[in-house]
A.B. asks: 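I am attaching a structure below and will ask some questions about it afterwards.
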Amino acid sequence: MRIDIITALPSLLHSPLSDSIMQRAQDKGIVNINIHDLRQYSEDKHKRIDDYAFGGGAGMVMRPEPLARCIESLKTGADYDEIIYMSPDGKRFDQKHANKLSTCRALMIICGHYKGIDERIRQRYVSMEISIGDFVLSGGELPAAVLTDAVVRLLPGVLNDETSALTDSFQDDLLAPPVYTRPAHFEGMDVPEILTSGNTPAIEQWRLEEAMRRTRERRPDLWKRFQGGGDGDENK
Ligand code: SAH
C-alpha cells in the first residue's frame, strides 16, 4: 500500500510514523508512506500557503493553488483509491473505516490548518472526509497519523501475531476482554484461574463472556449492534 500525506508541518508526522509498528511496516515494504511538504508547492516568495477568508472574520484559510499543484503532481505518480481530507465535519472515523481503507492500494491524505482548506479543493479533489472525533485540533497531522496507524496495523504481515488485530476492540462490535501477564500474583491480586488452566476452549469462552460484559456495561450502543438490534450506530 502507498500513503501520501500532504502537510504544512511535516515534522509533526515524522515521529508518529517512524517508530515501532509503523516503521516496521515500512521496513518490510508493506507500506510506503510519503510525507509531502505543502510549502514546496507554493509559488509565493515567502512560501505562504494561507490567506485571509473572503467575507472577513477571524482565521486564515489554506489557499487552493499550492494544494492543487501538490495533488495534481501526486496524481501523476499513482492512481488513488481515495483522496481524504481530515476534517472535524467529516464522517466520524471508526474501525469499519479502517478495515475498508486497509484494502486500498493508494491513499492520499490532506492535513488542514487554520480555518481549514479552501472549499473548492474539497469539491474538486476530495473523495472522502474523515473526522477523528467531535473536537477540534489545530491541524490535520495528528488525525492523519491516527488514521494511518489504524489502517497500516491491519495490513497483512504488519503485526507479528497475524490474528492479533482480529481480537482487538470493535472487530465484531465488541470491546476487548481484560488481559494479564506475569507475574500471576501481583500486590495481592491474582490472575483469573481459567487463564492459567491451559484449557483453550474454556479460555476462549471466558474471553468472549468478558468482552460481552465489558461491551454491555460500557458501550450500550455497540452492545445493541452486537446483538443484531441494528441501529446502535448513529454514525452511519
Ligand atoms: N474551522 C474548522 C476547524 C479547523 S481545524 C471547523 O470548525 O470545522 C484545522 C484543521 O485541523 C482542519 O482543517 C483539519 O484538517 C484538522 N482537524 C481538526 N480537528 C479535527 C478532527 N476532529 N478530525 C480530523 N481533522 C481535524
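Both counts, for ligands and for their atoms, begin at 1 and track the order of listing. In what follows, every heavy atom counts, from backbone to side chain, and hydrogens, waters and symmetry copies are set aside.
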A.B. asks: Is the backbone of L174 close enough, under 3.5 Å, to the side chain of D172 for a donor and an acceptor to pair up by distance?
C.D. replies: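 No, D172 side chain to L174 backbone: no donor-acceptor pair under 3.5 Å.
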A.B. asks: Can you tell which of H113, R48, K115 makes a side-chain contact (heavy atoms from CB on, under 4.5 Å) with M60?
C.D. replies: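 Testing each of H113, R48, K115 against M60, the sole residue satisfying side-chain contact (heavy atoms from CB on, under 4.5 Å) is R48.
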A.B. asks: Just to confirm my output: which protein heavy-atom neighbour is closest to atom 15 (O) of ligand 1, and how far is it?
C.D. replies: M86 O, 2.6 Å
A.B. asks: Starting from atom 23 (N) of ligand 1, find the nearest protein heavy-atom neighbour and note its residue, name and distance.
C.D. replies: I132 N, 3.0 Å
A.B. asks: Is the shortest side-chain N to carboxylate O distance from E210 to R207 below 4.0 Å?
C.D. replies: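 Salt bridge between E210 and R207, a charged N being under 4.0 Å from a carboxylate O: no.
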A.B. asks: As a check for students: among I110, L137, V136, I117, identify the option with a heavy atom nearest to atom 3 (C) of ligand 1.
C.D. replies: V136
A.B. asks: Which of the numbered atoms in ligand 1 are below 4.0 angstrom from a heavy atom of P143?
C.D. replies: 24 (C), 25 (N), 26 (C)
A.B. asks: Ion pair present between R92 and D134, side-chain N to carboxylate O less than 4.0 angstrom?
C.D. replies: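 Yes.
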A.B. asks: Given side chains that start at C-beta, do those of Y125 and M108 come closer than 4.5 Å, heavy atoms only?
C.D. replies: no
A.B. asks: Which protein non-hydrogen atom lies closest to atom 2 (C) of ligand 1, naming both residue and atom, and how far is it?
C.D. replies: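 Answer, as residue, atom name and distance: K115 O, 3.7 Å.
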A.B. asks: Taking all non-hydrogen atoms of both residues into account, name the closest pair between L13 and P16 and its distance.
C.D. replies: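 Looking at all heavy atoms of both residues, the closest pair is O-CD, 3.3 Å.
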A.B. asks: Under 4.0 Å from any heavy atom of I130, which atoms of ligand 1 are there?
C.D. replies: 24 (C)
A.B. asks: Taking D51's backbone N and O only, do any of them form a donor-acceptor pair with R63's side chain (distance below 3.5 Å, no angle check)?
C.D. replies: no
A.B. asks: Out of G112, P88, S138, S87, whose heavy atom sits nearest atom 8 (O) of ligand 1?
C.D. replies: P88
A.B. asks: Please say whether C111 places an N or O atom under 3.5 Å from an N or O atom belonging to ligand 1.
C.D. replies: no
A.B. asks: Relative to the heavy atoms of G116, which atoms of ligand 1 are at a distance of less than 4.0 Å?
C.D. replies: 13 (O)
A.B. asks: Which residue owns the protein heavy atom closest to atom 11 (O) of ligand 1, what's the atom, and how far is it?
C.D. replies: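 Minimum-distance protein heavy atom for atom 11 (O) of ligand 1 reads G139 C, 3.1 Å.
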A.B. asks: Could you tell me whether K96 and D173 have a side-chain N and a carboxylate O separated by less than 4.0 Å?
C.D. replies: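 Salt bridge present between K96 and D173.
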A.B. asks: Considering non-hydrogen atoms of the protein only, which is the closest contact for atom 9 (C) of ligand 1, and what is the distance?
C.D. replies: Y114 O, 3.3 Å
A.B. asks: Out of all atoms in ligand 1, which are within 4.0 Å of some heavy atom of G140? Include the element for each.
C.D. replies: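 Answer for ligand 1: 11 (O), 15 (O), 16 (C).
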A.B. asks: Looking only at protein heavy atoms, identify the closest one to atom 13 (O) of ligand 1 and say how far it is in Å.
C.D. replies: Y85 OH, 2.7 Å
A.B. asks: Using modelled atom types only, decide if a donor and an acceptor are shared between the side chain of S197 and the backbone of I194 within a distance under 3.5 Å.
C.D. replies: yes
A.B. asks: I need the nearest protein heavy-atom contact for atom 22 (N) of ligand 1: residue, atom name and distance, please.
C.D. replies: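 Going by distance alone, atom 22 (N) of ligand 1 is nearest to F135 O, 2.8 Å.
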